[in-house]
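So that we are looking at the same thing, I have put the structure below in structure tokens.
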There are 2 protein chains.
Amino acid sequence: MAKKITIYDLAQKLNISPATVSRSLNDHPAISQKTKDKVLLVAKETGYRMNKFAANLSKQKSNTIGVIVPKLNSNFMSTVLSGIEKIANDVGYNLIISQSLESEEKEKLNAKTLFDSGVDALLVSLAYETENFDHFTTYTDRKIPLLFFDRVCDLPNCPTISIDNHAAGFDATQHLIQQGCRNIVHISGSLKRNVYADRFDGYQRALHKNGIEFHKENLYESDLSIENVQKFVERIRDSKHKVDGIFVSNDTFAVHCIKELKKEGYKIPEDIKIIGFNNDPVSEVISPNLTTIEYPGYKMGILAGESIISHLSGSINIQSADQILIKHKLIKRESTRL
Amino acid sequence: MAKKITIYDLAQKLNISPATVSRSLNDHPAISQKTKDKVLLVAKETGYRMNKFAANLSKQKSNTIGVIVPKLNSNFMSTVLSGIEKIANDVGYNLIISQSLESEEKEKLNAKTLFDSGVDALLVSLAYETENFDHFTTYTDRKIPLLFFDRVCDLPNCPTISIDNHAAGFDATQHLIQQGCRNIVHISGSLKRNVYADRFDGYQRALHKNGIEFHKENLYESDLSIENVQKFVERIRDSKHKVDGIFVSNDTFAVHCIKELKKEGYKIPEDIKIIGFNNDPVSEVISPNLTTIEYPGYKMGILAGESIISHLSGSINIQSADQILIKHKLIKRESTRL
DNA sequence: GTGAAAGCGCTAACAG
DNA sequence: CTGTTAGCGCTTTCAC
């Protein structure tokens, strides 16, 4: 059982040529059903497993898709991956997953490694840091399908999948305003990334539309790691103008803000209303429940997977660089109740 | 730029043999530094990228490690993966990750696919369902390193990495007893899996040691999906003997139990004390904070990665099937306060 | 419908 | 220290 058996072994056993074996195994039309059946049978009996390397080398494709994500261990990202994996697996593709850990350097490295590994396509969600996109030209140059999801950039001919962060940011802020907030702080991630920049933009538009002036000091930019919560809460507490609403670009951070604010004696939502982003499971655990924007990660994964697969199978023209926008939804809960 | 350039091209350009090029590229000791430098230079200039398939085919190894997990999208699992990925990436291995979605069938399929993809090693955390382990013999037969983490099984010569669930279950229960609980319910996952079976065992031992009789009706077995929360809470409410403590094998479930119990009018921890498992981030978000057992996922990932890598590099004898136990820790919080 | 033979690009034993 | 020469196992023209 330990010995590797090749198509030559099968050919010999059956007294036919390796070529015929190969064709049978691949269900080639020009082979009689009888031969195919014979081959398949012996293949099964002998426990034949085809050597992917040889096939790949010969065919120049790998049946694998590379994925680069900032971090594996976030609820949102692993949900997306789960969706991608489902699709890929269903159609017989393997997934090579790597994380950039928010570092541009590592992202470059990952891109290179995955290229060398011969992935047929690449899915990426950008690192916080990334400003330069040259490491992707290797792919675009050779027409290897490249698709960005969530944290996207607008490289030519690269499909993107995300929600309308612009509109989502607007909706979130508008909701706070409707609930009576007038001095709203926005806690954002790196504005280099579309997701945060767009939300911030939506926030500003909402303020503007309601005749509320935007104050620069109401924008808190950070990497959204919860070490910053304390600092930000102090900043809110010490703010000259009483803060009555907070729009946080991330549920985890929002939830920890609530905890910290409660410790400081604030009543949520009476004193300050808070809205988060993502609809992470934590948002329903915190008390008061967190109002948030639903960001359907699994669906995003499914769509990303399907999109890249259809590119690969050539059923869609790669040139038609589509931009898929997934619908978001405002989920009203206690943290912004009147 | 789009043309693929091979070692033959380099050889020709440099007027040396392809073999020398190959050796130089691989930093073979028997090549003069001068030649290496020349080769490397031209390689860089021409944008040479080695073809992994050819190398793999020739070397009969792939530099990839397969991973099968039940679900990608759980905080614990993605944390573990994050650790594995870090190690793998550091030493130049790729990770092919697939999920069984708790199905034995899918696990079998994944194992087969990964085998066909030529992974050099396999890491697996078992599905809920899995009862038969024959799909792994393909690996053991061919001496492909196989390692189980978290949800393990005791196949011969397969290293395992987990915590001492036995002891952890004991500690959790003992803590409840110390806090005055006498009628403790245990909410468990599938007892087919070591992690749950062992914890249950620890629970029973603790009861026994304290002279408390175990009642079968105090064991609630399920798949721990939160749809069951309501049902279980009703069962607790309607229990003949007043339940005063709950040991839940999973923080997410525990947290939702707390929410539901509070709705039912129970005071936590006054009426019922609760302890969870894993130390998921949610455990600190719920009010009252959840007492739990810390289960260091990242560390587990790191160790799993290191262990498999050292097997692969032959520095450790695969036969010495080690069992690595990671230390757990009781984290006391409000949900079990006296 | 099937076979012969030439690669795919790299590695490694064997010579020198 | 470097070159020669076989493969690795599969696919794929081009014949028959």
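A, B, ... follow the sequence lines: proteins, then strands. Residue 1 opens every chain. For the numbers below, each heavy atom of this structure counts, side chains included, while hydrogens, waters and symmetry mates do not.
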Practice item. Walking along DNA chain C from 5' to 3', note the first and the last nucleotide with an atom under 4.0 Å from a heavy atom of chain B, and give both. Key: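 Answer, 5' to 3': C:dG9 to C:dC14.
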
- Item | Shortest non-hydrogen contact from A:I31 toward A:T35 |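 Smallest interatomic distance, heavy atoms only, reads CG2-CB, 3.9 Å.
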
With sequence neighbours excluded, tell me which residues meet ring pair (Phe, Tyr, Trp, His ring centres under 6.0 Å) with B:F136.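 For B:F136, the residues satisfying ring pair (Phe, Tyr, Trp, His ring centres under 6.0 Å) (neighbours in sequence not counted) are B:F148.
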
Name the nucleic acid region contacted by B:N26, choosing base, sugar-phosphate or nothing; use a 4.0 angstrom heavy-atom cut-off, strictly under.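 Since only primed, P, OP1 and OP2 atoms lie under 4.0 Å of B:N26, the category is sugar-phosphate.
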
inquiry  = Tell me which one of A:R193, A:R151, A:K71 satisfies salt bridge (charged side-chain N to carboxylate O under 4.0 Å, His left out) with A:E102.
reply    =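 Of the listed residues A:R193, A:R151, A:K71, the salt bridge (charged side-chain N to carboxylate O under 4.0 Å, His left out) partner of A:E102 is A:R151.
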
Distances under 3.5 Å only, N/O to N/O: pair up the protein atoms with those of nucleotides 13-16 of chain D.
unit_1	atom_1	unit_2	atom_2	d
D:dT13	O4	A:R23	NH2	2.7

Q: Please tell me if the side chains of A:E105 and A:L109 come closer than 4.5 Å, counting only heavy atoms from C-beta onward.
A: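 A:E105 vs A:L109: side chains apart.
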
Report task. Would you indicate what B:I16 reaches in the nucleic acid, counting non-hydrogen atoms under 4.0 angstrom: base, sugar-phosphate, or nothing? Result ->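 Sugar-phosphate contact only - B:I16 comes under 4.0 Å of backbone atoms but never of a base.
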
Identify whether any heavy atom of A:S22 sits under 4.0 Å from a base atom; if not, whether one sits that close to sugar-phosphate; answer base, sugar-phosphate or nothing.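 Result for A:S22 = base.
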
Indicate whether OP1 or OP2 belonging to D:dT2 is found under 4.0 Å from a side-chain N or O atom of B:S17.
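No, B:S17 has no side-chain N/O under 4.0 Å of OP1/OP2 on D:dT2.
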
Report the C-alpha separation of B:S62 and B:T64 in whole Å, then their side-chain angles, then the decisive distance to 0.1 Å, and conclude whether the side-chain hydrogen bond (donor to acceptor under 3.5 Å, both in side chains) test is met. CA-CA 5 Å; B:S62 65; B:T64 62; 2.9 Å; yes

Atom pairs, N/O to N/O, protein against nucleotides 6-9 of chain D, distance under 3.5 Å?
unit_1	atom_1	unit_2	atom_2	d
D:dG7	N2	B:S58	OG	3.4
D:dC8	O3'	B:Q60	NE2	2.9
D:dG9	N2	A:A54	O	3.3

Value rounded to 0.5 Å, distance of CD in B:E107 from CG in B:L101: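 Between atom CD of B:E107 and atom CG of B:L101 there are 11.0 Å.
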
* Counterpart residues, ring pair (Phe, Tyr, Trp, His ring centres under 6.0 Å), relative to A:Y139 (two or more places apart) ->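 Scan of A:Y139 (ring pair (Phe, Tyr, Trp, His ring centres under 6.0 Å), adjacent residues dropped) gives A:F115.
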
**Nucleotide D:dT11, atom P - distance to CD1 of A:I31 in whole Å** =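 Rounded to the whole Å, the gap is 12 Å.
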
Whole angstroms only, please: what is the CG-P distance between B:N15 and D:dT4?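 B:N15 atom CG is separated from D:dT4 atom P by 11 Å.
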
Task: Those residues that, when tested against A:Y128, pass ring pair (Phe, Tyr, Trp, His ring centres under 6.0 Å) (two or more places apart) - done: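 By the ring pair (Phe, Tyr, Trp, His ring centres under 6.0 Å) rule, A:Y128 matches A:Y196.
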
Review point. Which distance, rounded to the nearest 0.5 Å, do you find between the OG1 of A:T138 and the NZ of A:K112?
Key: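 If I round to the nearest 0.5 Å, the distance is 9.0 Å.
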
Notebook entry, point to check: Within this structure, what is the NZ-to-C1' distance between A:K61 and D:dT11, rounded to whole angstrom?
Noted result: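 After rounding, the reported distance stands at 14 Å.
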
> How many angstroms lie between atom CD1 of B:I87 and atom CD of B:E85, to the nearest 0.5 angstrom?
Replying inline: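 CD of B:E85 is found 10.0 Å from CD1 of B:I87.
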
(Q) Apply salt bridge (charged side-chain N to carboxylate O under 4.0 Å, His left out) to residues B:R49 and A:D116 and explain how you reach the verdict. (A) CA-CA 7 Å; B:R49 303 271 199 147; A:D116 286 341; 3.3 Å; yes

